[in-house]
Amino acid sequence: MTLYSTIFNIIKALHTIFIVSYFAGIFYIVRLLIYHIETLEKKDSERSILQNQYIYMEKKLWNIIILPASWMVLITGLTMILTEVNFYFSSTWMQIKIALVFLLIVYHLCCLKLLRDFKKNLFQYTSLQLRLWNEIATLLLISIVLAVVLKTDFVRLWLNIFGSLILLGLLITYIVKRIKNLKK
């Protein structure tokens with residue numbers, strides 16, 4: 001193994017580690033927002049204490065886990081792409097992955113807007129809607145991992161894969177709604 005391939009593999013390993021950290025944070029931030037919105041059902045004194053605690057936790061999670069991990073994912077990902085530009089940009093699976101990452105960035109920015117709105121006590125969504133919102137990150141993660149692992153097979157099977165993901169999304173939506181109804 002050459003020094004170049006060793007360094008490339010280290011960067012790829014770091015990229016994977018930062019992806020795991022990022023998704024752990026992005027999954028948890030929406031969960032905190034769900035708990036935060038559910039404080040509206042509490043008594044005034046309890047609500048105020050809980051909302052302040054959630055705002056604190058959300059800020060710490062965003063600034064200490066999500067932001068650094070997201071930047072490191074982008075830096076390591078771009079480093080890998082720039083070292084093999086011709087390979088990556090000539091690969092249809094990578095173009096699809098980049099499009100999915102773009103959607104993930106849009107999702108990330110929407111989560112940031114939600115955080116800012118919650119900090120101002122602007123609640124536009126129900127806890128059920130936020131639970132469903134959380135599943136978008138799951139579907140993006142599955143799609144990105146499948147694109148990277150399957151590569152050309154992902155391109156060949158994209159219609160089947162996305163059809164399956166839509167069905168999975170519908171199943172998740174049904175389960176979330178069912179669980180919510182059972183709790184009532």
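Both backbone and side-chain heavy atoms feed into the values below; hydrogens, waters and symmetry mates do not.
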Trainee: Nearest 0.5 Å, what's the OH-CG distance between Y88 and L78?
Mentor: 11.5 Å
Trainee: To the nearest 0.5 angstrom, please state how far the CG atom of D153 sits from the CD1 atom of I161.
Mentor: 8.0 Å
Trainee: Give me the atom names and distance for the closest heavy-atom approach of S143 to L165.
Mentor: OG-CD1, 2.8 Å
Trainee: To check you understand the geometry: which heavy-atom pair defines the closest contact between Y107 and W133, and what is its length?
Mentor: OH-O, 3.1 Å
Trainee: Please determine whether the number of non-hydrogen atoms from other residues, nucleotides or ligands lying under 6.0 Å from atom OH of Y56 exceeds 12.
Mentor: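 Not buried by this count: 12 neighbours or fewer within 6.0 Å.
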Trainee: Treating Ile, Leu, Val, Met, Phe, Trp and Tyr as nodes and any side-chain heavy-atom pair under 4.5 angstrom as an edge, say whether V145 and V148 lie in one connected cluster.
Mentor: yes
Trainee: Shared ILVMFWY cluster between I55 and L40, side chains joined below 4.5 angstrom?
Mentor: no
Trainee: Could you give the distance from CG (L146) to CD1 (I96), rounded to the nearest 0.5 Å?
Mentor: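 Atom-to-atom, L146:CG and I96:CD1 are 11.5 Å apart.
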Trainee: Calculate, to the nearest 0.5 Å, the distance between atoms CG and CG belonging to L115 and N63 respectively.
Mentor: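 Atom-to-atom, L115:CG and N63:CG are 9.0 Å apart.
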Trainee: Mind checking side chain to side chain contact (heavy atoms under 4.5 Å, CB included) for N9 and listing every partner two or more places apart, or none if nothing turns up?
Mentor: M1, K12
Trainee: Could you check if a side-chain atom of I37 sits within less than 4.5 angstrom of a side-chain atom of T126, using non-hydrogen atoms only?
Mentor: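 A side-chain contact is absent here, since even the closest heavy-atom pair is not under 4.5 Å.
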Trainee: Not counting sequence neighbours, which residues clear side-chain hydrogen bond (donor to acceptor under 3.5 Å, both in side chains) with S45? List them please.
Mentor: none
Trainee: Would you say L104 and I26 make side-chain contact, with heavy atoms under 4.5 Å?
Mentor: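 Side chain of L104 against side chain of I26, heavy atoms only: no contact under 4.5 Å found.
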Trainee: Report yes or no: does E135 contribute a side-chain atom to a donor-acceptor pair with the main-chain N or O of L132 at less than 3.5 Å?
Mentor: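 The answer is no, because no donor-acceptor pair under 3.5 Å joins these two groups.
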Trainee: Between R31 and E38, does the salt bridge (charged side-chain N to carboxylate O under 4.0 Å, His left out) criterion hold? Intermediate values first, please.
Mentor: CA-CA 11 Å; R31 178 58 53 192; E38 289 175 349; over 6 Å; no
Trainee: Should I7 and I75 be regarded as members of a common hydrophobic cluster, given that ILVMFWY residues are connected when their side-chain heavy atoms come within less than 4.5 Å of each other, either directly or indirectly?
Mentor: yes
Trainee: Is there side-chain contact between L114 and Y125, with heavy atoms separated by less than 4.5 Å?
Mentor: yes
Trainee: Within the structure provided, determine whether S91 and K151 are in side-chain contact (heavy-atom separation under 4.5 Å).
Mentor: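 The answer is no, as the side chains (C-beta and beyond) never meet within the 4.5 Å cut-off.
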Trainee: Which atom names give the shortest non-hydrogen contact between Y28 and L61, and what distance separates them?
Mentor: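 Where Y28 meets L61 most closely, the heavy atoms are CD2-CD2, 3.5 Å.
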Trainee: If you define the side chain from C-beta out and look only at heavy atoms, does anything of W93 sit under 4.5 Å from L150?
Mentor: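 No - every pair of side-chain heavy atoms lies 4.5 Å or more apart.
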Trainee: Please tell me whether S5 and T2 have a donor and an acceptor in their side chains that are separated by less than 3.5 angstrom.
Mentor: yes
Trainee: Run the side chain to side chain contact (heavy atoms under 4.5 Å, CB included) check on R47 and E41 step by step: do they pass?
Mentor: CA-CA 8 Å; R47 180 182 335 132; E41 301 165 7; over 6 Å; no
Trainee: Can you measure from CG (L74) to OG1 (T79) and round to the nearest 0.5 angstrom?
Mentor: 10.5 Å
Trainee: Using a strict 4.0 Å threshold on nitrogen-to-oxygen distance, state whether K120 and D117 make a salt bridge.
Mentor: no
Trainee: Would you kindly confirm whether Y35 and I49 end up in one hydrophobic cluster when ILVMFWY residues are joined by side chain heavy atoms under 4.5 Å apart?
Mentor: no
Trainee: If you count the non-hydrogen atoms of other residues, nucleotides and ligands that lie under 6.0 Å from CD1 in I65, is the total more than 12?
Mentor: no
Trainee: Between K42 and T39, is there a donor-acceptor pair closer than 3.5 Å when you use the side chain of the first and the backbone of the second?
Mentor: no
Trainee: For L168 and I142: C-alpha separation, side-chain torsions, deciding distance, then whether side chain to side chain contact (heavy atoms under 4.5 Å, CB included) applies.
Mentor: CA-CA 11 Å; L168 178 61; I142 292 168; 3.7 Å; yes
Trainee: With a 4.5 Å heavy-atom cut-off, do M94 and F89 have their side chains touching?
Mentor: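 Side-chain contact under 4.5 Å: no.
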Trainee: Return the minimal non-hydrogen interatomic distance between L140 and L100, and the atom names on each side.
Mentor: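 Taking every non-hydrogen atom into account, CD2-O, 4.0 Å.
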Trainee: Rounded to the nearest 0.5 Å, what's the gap from CE on M57 to NZ on K60? Could you check?
Mentor: 12.0 Å
Trainee: Name the orientation class of the two ring planes belonging to F162 and F154 (parallel below 30°, tilted from 30 to 60°, perpendicular beyond 60°).
Mentor: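 Judged by the thresholds at 30° and 60°, the geometry between F162 and F154 is perpendicular.
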Trainee: Can F102 be reached from I66 by stepping across I, L, V, M, F, W or Y side chains whose heavy atoms are under 4.5 Å apart?
Mentor: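 No, because I66 and F102 fall into different hydrophobic clusters, even though each may have its own neighbours under 4.5 Å.
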Trainee: If I compare all heavy atoms of A147 with all of K97, which pair ends up nearest, and what's the gap?
Mentor: CB-CB, 4.4 Å
Trainee: May I have the step-by-step check of side chain to side chain contact (heavy atoms under 4.5 Å, CB included) for L130 and N134, ending in yes or no?
Mentor: CA-CA 6 Å; L130 288 172; N134 205 24; over 6 Å; no
Trainee: Considering residues at least two apart in sequence or located in another chain, which fulfil the ring pair (Phe, Tyr, Trp, His ring centres under 6.0 Å) criterion with F123?
Mentor: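 With sequence neighbours excluded, F123 shows a ring pair (Phe, Tyr, Trp, His ring centres under 6.0 Å) to H36, F118, given in chain and number order.
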Trainee: For E58 and L33, which heavy atoms make the closest approach, and how far apart are they?
Mentor: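 Nearest heavy atoms, E58 then L33: OE2-CD2, 3.6 Å.
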Trainee: Do I179 and Y174 come within less than 4.5 Å of each other through their side chains, counting heavy atoms only?
Mentor: no
Trainee: State, with a plain yes or no, whether a side-chain heavy atom of F27 is found less than 4.5 Å away from one of L141.
Mentor: yes
Trainee: Looking only at atom types and distance, does a side-chain atom of N52 sit under 3.5 Å from a main-chain N or O of S48, one as donor and one as acceptor?
Mentor: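 Yes, because the side chain of N52 sits within donor-acceptor range (under 3.5 Å) of the backbone of S48.
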Trainee: Assess whether atom CG of N121 is packed by more than 12 heavy atoms of other residues, nucleotides or ligands within 6.0 Å.
Mentor: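 It does: N121 CG has more than 12 such atoms within range.
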Trainee: Would you check, one step at a time, whether the test side chain to side chain contact (heavy atoms under 4.5 Å, CB included) holds for T83 with Y4?
Mentor: CA-CA 10 Å; T83 60; Y4 170 80; 3.5 Å; yes
Trainee: With no hydrogens and no angle check, is any side-chain donor or acceptor of H15 less than 3.5 Å from a backbone partner on T76?
Mentor: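 No; zero donor-acceptor contacts below 3.5 Å.
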